[in-house]
Amino acid sequence: MELAIEKIIEGKHQLSDIAEKVVNGTRITRDDAIRLYQSNDLTVIGALGEYARKKKAGQDKEKYVYYIHNMHLNPTNICGETCKFCSYANPAEKGKAYMWSVERVLEEAAKGAALGINEIHMVGGLTPAADLKYYETILKEIKAKFPHIHMKAMTAVEIEYLADREKISYEDCLKRLIAAGLQSMPGGGAEIFDESVRQRMAVKKTPAHVWLEIHGLAHKLGLYSNATMLTGISESVENKVDHMLLLREQQDKTGGFQCFIPLKCYYEGTTIKGEVEEPTGYDLLKDVAVSRILLDNFPHIKAYWIQLGEKIAQIALSFGADDMDGTIGEEKITHAAGAMTPLQLAKEEMEYLISQAGYTPVERDTIYNIKHVGGSGDVQASASSRTSELAHAK
Ligand code: V47
Ligand code: SF4
């Protein structure tokens with residue numbers, strides 16, 4: 001989006017004052033963020049997001065869009081919680097609930113390793129059989145066999161659950177997992193921090209202050225982590241802005257968030273299908289742009305292609321996103337709820353999507369060390385035949 005921000009300021013647009021703040025690096029306020037959401041001038045909002053992204057990246061990296069060659073591992077879909085938006089956990093269909101043995105988890109990890117992945121993103125349901133020992137063993141075994149694979153695992157929700165069951169502090173729980181091989185934490189489980197939304201969605205786990213405390217502790221122990229926000233679960237614009245403000249405040253204190261990921265709810269198999277308003281394409285793009293502008297202390301904003309779809313994810317890159325997440329291997333959580341996106345993308349497809357949108361694909365590791373800049377050659381030819389790295393059929 002090549003709309004010059006100076007023109008927005010000079011033109012006395014309704015958002016000129018916010019544009020001025022973005023240019024000057026002045027923090028926007030709660031009211032500013034709400035005004036951005038209330039405006040329907042998507043072109044201007046996108047241009048502000050794009051400007052903020054470029055400014056954060058610096059001139060030499062302003063076209064960089066990151067992705068990672070990774071896989072998702074979900075050791076169990078059995079969960080003691082019953083969040084109304086989740087159809088991944090506790091499936092109604094008999095025989096679909098599973099709890100993998102440590103050996104099975106290792107087999108899956110080995111398939112990813114054979115394909116050259118450099119990150120495993122591991123999260124699972126909350127169930128007594130998946131206890132602290134189970135996760136310690138998995139982390140130790142994977143790190144022993146594949147030391148080069150970065151273990152991004154355990155949401156704050158799982159840390160809370162495991163610590164409470166073991167009757168140890170969150171800090172001690174994190175220390176034990178770090179000793180076993182935990183290297184960073186994904187951003188799941190934040191949902192919408194507002195308590196009334198959580199109550200409507202029957203989210204009993206990990207209230208905002210605990211979620212933030214656990215991430216703060218992880219940062220102090222030297223881990224990087226991410227943060228998410230799940231939209232389409234009856235939240236208001238104010239709820240979204242307040243969610244991001246709590247994250248901005250936490251980041252000011254502990255500084256370890258790498259990336260913010262706006263998520264979008266899928267409803268298949270949930271009890272809220274038809275009862276909540278589904279975010280529009282406009283809403284999704286505003287989430288990207290507003291988060292980029294409001295979260296001025298977050299280095300990266302993700303366009304999670306699994307949920308946005310590849311096409312909106314491409315557009316999101318010119319609204320402030322600078323990361324397309326990963327190749328993934330086999331996504332379960334959103335696909336259980338009806339997502340029609342592929343389960344995975346090959347590296348070449350990822351690079352193709354980024355290049356086609358006018359950006360430079362950059363393969364990264366989990367903590368944003370650059371592995372390789374630029375497409376790998378014949379990306380269009382490779383992308384036209386969808387490759388299937390891992391067998392989907394289980
Ligand atoms: O916390 C649950 C959400 C999250 C549904 O850190 C749903 O790099 C859509 O956190 N429709 C897990 N979403 C995913 C997640 C994530 C994904 C990619 C990258 C990273 C990262 C983190 O999925 C859960 C919950 O908010 N979720 N049910 C649903 N029906
Ligand atoms: Fe369990 Fe997480 Fe699903 Fe809630 S969202 S039911 S905590 S797996």
Side-chain angles (χ1 to χ4, degrees), residues 66-68 70-91 97 119-127 130 150 152-161 184-193 197-198 201-206 211 215 218 223-233 235 243 247 256-273 276 278-279 284 298 300-309 313 321 323-329 331-341 364-368:
Y66 301 90
Y67 75 93
I68 186 162
N70 70 346
M71 80 184 288
H72 282 196
L73 262 187
N74 306 111
T76 179
N77 63 354
I78 302 169
C79 186
E81 294 280 335
T82 50
C83 309
K84 284 190 183 174
F85 47 77
C86 180
S87 41
Y88 160 71
N90 312 317
E119 173 193 271
I120 290 179
H121 170 140
M122 179 175 72
V123 295
L126 311 174
T127 185
H150 180 111
K152 178 178 85 173
M154 321 304 300
T155 61
V157 174
E158 290 166 280
I159 300 295
E160 181 195 38
Y161 176 80
S184 66
M185 281 170 64
E191 324 308 1
I192 287 282
F193 286 142
V197 176
R198 297 176 90 82
M201 293 296 121
V203 178
K204 296 186 288 299
K205 64 191 183 186
T206 333
W211 193 98
H215 279 262
L223 299 189
Y224 286 110
S225 72
N226 293 336
T228 55
M229 174 177 81
L230 180 62
T231 66
I233 56 169
E235 74 289 347
H243 183 98
L247 291 172
F257 288 119
Q258 301 198 100
C259 187
F260 176 73
I261 309 137
L263 300 174
K264 171 210 180 302
C265 196
Y266 281 72
Y267 305 111
E268 210 51 54
T270 71
T271 52
I272 55 169
K273 191 178 179 186
V276 289
E278 186 172 357
L284 300 176
F298 273 60
H300 305 286
I301 304 291
K302 222 175 244 190
Y304 188 38
W305 63 268
I306 282 276
Q307 295 190 349
L308 294 181
D323 191 301
M324 283 273 273
D325 196 60
T327 48
I328 293 185
E331 201 280 337
K332 288 197 172 78
I333 296 173
T334 319
H335 284 84
M340 301 299 283
T341 40
R364 62 166 173 89
D365 69 9
T366 310
I367 58 170
Y368 289 84

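Remember, it's 1-based here, ligands and their atoms both numbered in the order they're listed. Values reported hereafter were calculated over all heavy atoms of this structure, with side chains retained and with hydrogens, waters and symmetry mates removed.
The nearest protein atom to atom 1 (Fe) of ligand 2, hydrogens excluded, is given as Cys79 SG, 2.3 Å; this is a heavy-atom distance. Among all protein heavy atoms, the one lying closest to atom 5 (S) of ligand 2 is Lys205 NZ, 3.5 Å. At the top of the distance list for atom 3 (Fe) of ligand 2, counting protein heavy atoms only, stands Cys86 SG, 2.4 Å. The protein atom (non-hydrogen) at minimum distance from atom 22 (C) of ligand 1 is His121 CE1, 3.6 Å.
Near Ile333, meaning under 4.0 Å from any of its heavy atoms, are these atoms of ligand 1: 2 (C), 12 (C), 23 (O), 27 (N), 28 (N). Near Ile261, meaning under 4.0 Å from any of its heavy atoms, are these atoms of ligand 1: 6 (O), 8 (O), 20 (C), 21 (C). If you number the atoms of ligand 1 from 1 as listed, the ones under 4.0 Å from a heavy atom of Gly189 come out as 1 (O). Per-residue contacts place Gly188 under 4.0 angstrom from the following atoms of ligand 1 (heavy atoms of the residue considered): 1 (O), 10 (O). If you number the atoms of ligand 1 from 1 as listed, the ones under 4.0 Å from a heavy atom of Thr228 come out as 10 (O). Of all atoms in ligand 1, numbered sequentially from 1 with element shown, those under 4.0 Å from a heavy atom of Ala337 are 30 (N). Numbered from 1 in the order shown, with element, the atoms of ligand 1 that lie under 4.0 Å from a heavy atom of Asn226 read 6 (O), 8 (O), 21 (C). Here is the list of ligand 1 atoms found below 4.0 Å of a heavy atom in Tyr266: 9 (C), 11 (N), 29 (C), 30 (N).
Between His243 and Phe193, the two ring planes are parallel [angle under 30°; tilted spans 30° to 60°].
Not close to ligand 1: Tyr88, with no non-hydrogen atom less than 4.0 angstrom away. Taking 4.0 Å as the cut-off, Met185 does not count as a neighbour of ligand 1 on heavy-atom distance. Ligand 1 lies out of reach of Ser87, whose nearest heavy atom is not under 4.0 Å from it. Heavy-atom distances between Glu268 and ligand 1 stay at or above 4.0 Å for every pair. Using a 4.0 Å heavy-atom cutoff, Thr270 is absent from the residues neighbouring ligand 1.
Using modelled atom types, one side-chain atom of Thr155 and one backbone atom of Glu158 make a donor-acceptor pair closer than 3.5 Å. Without hydrogens or angle criteria, Gln307 side chain to Lys264 main chain gives a donor-acceptor distance under 3.5 Å. Judged purely by atom type and a 3.5 angstrom limit, Trp211 uses its side chain to pair as donor or acceptor with the backbone of Gly188. The backbone N or O of Cys79 sits nowhere less than 3.5 Å from a side-chain atom of Glu81 that would complete a donor-acceptor pair. The closest donor-acceptor contact from the side chain of Thr366 to the backbone of Glu119 lies at 3.5 Å or more, if one exists at all.
Nearest heavy atom pair, residue Val123 against residue Asn74, reads O-ND2, 3.0 Å.
Residues Phe257 and His215 bring their aromatic ring centres within 6.0 Å.
Crowding of Tyr224 atom OH: a count of heavy atoms from other residues, nucleotides or ligands under 6.0 Å not exceeding 12.
Side-chain atoms of Asp323 and Tyr304 include no donor-acceptor pair closer than 3.5 Å.
The nearest N, O or S atom of Cys83 is not closer to atom 3 (Fe) of ligand 2 than 2.8 Å.
Ion pairing of Glu268 with Lys273 is present here, as a side-chain N (NZ or NE/NH1/NH2) and a carboxylate O approach within less than 4.0 Å.
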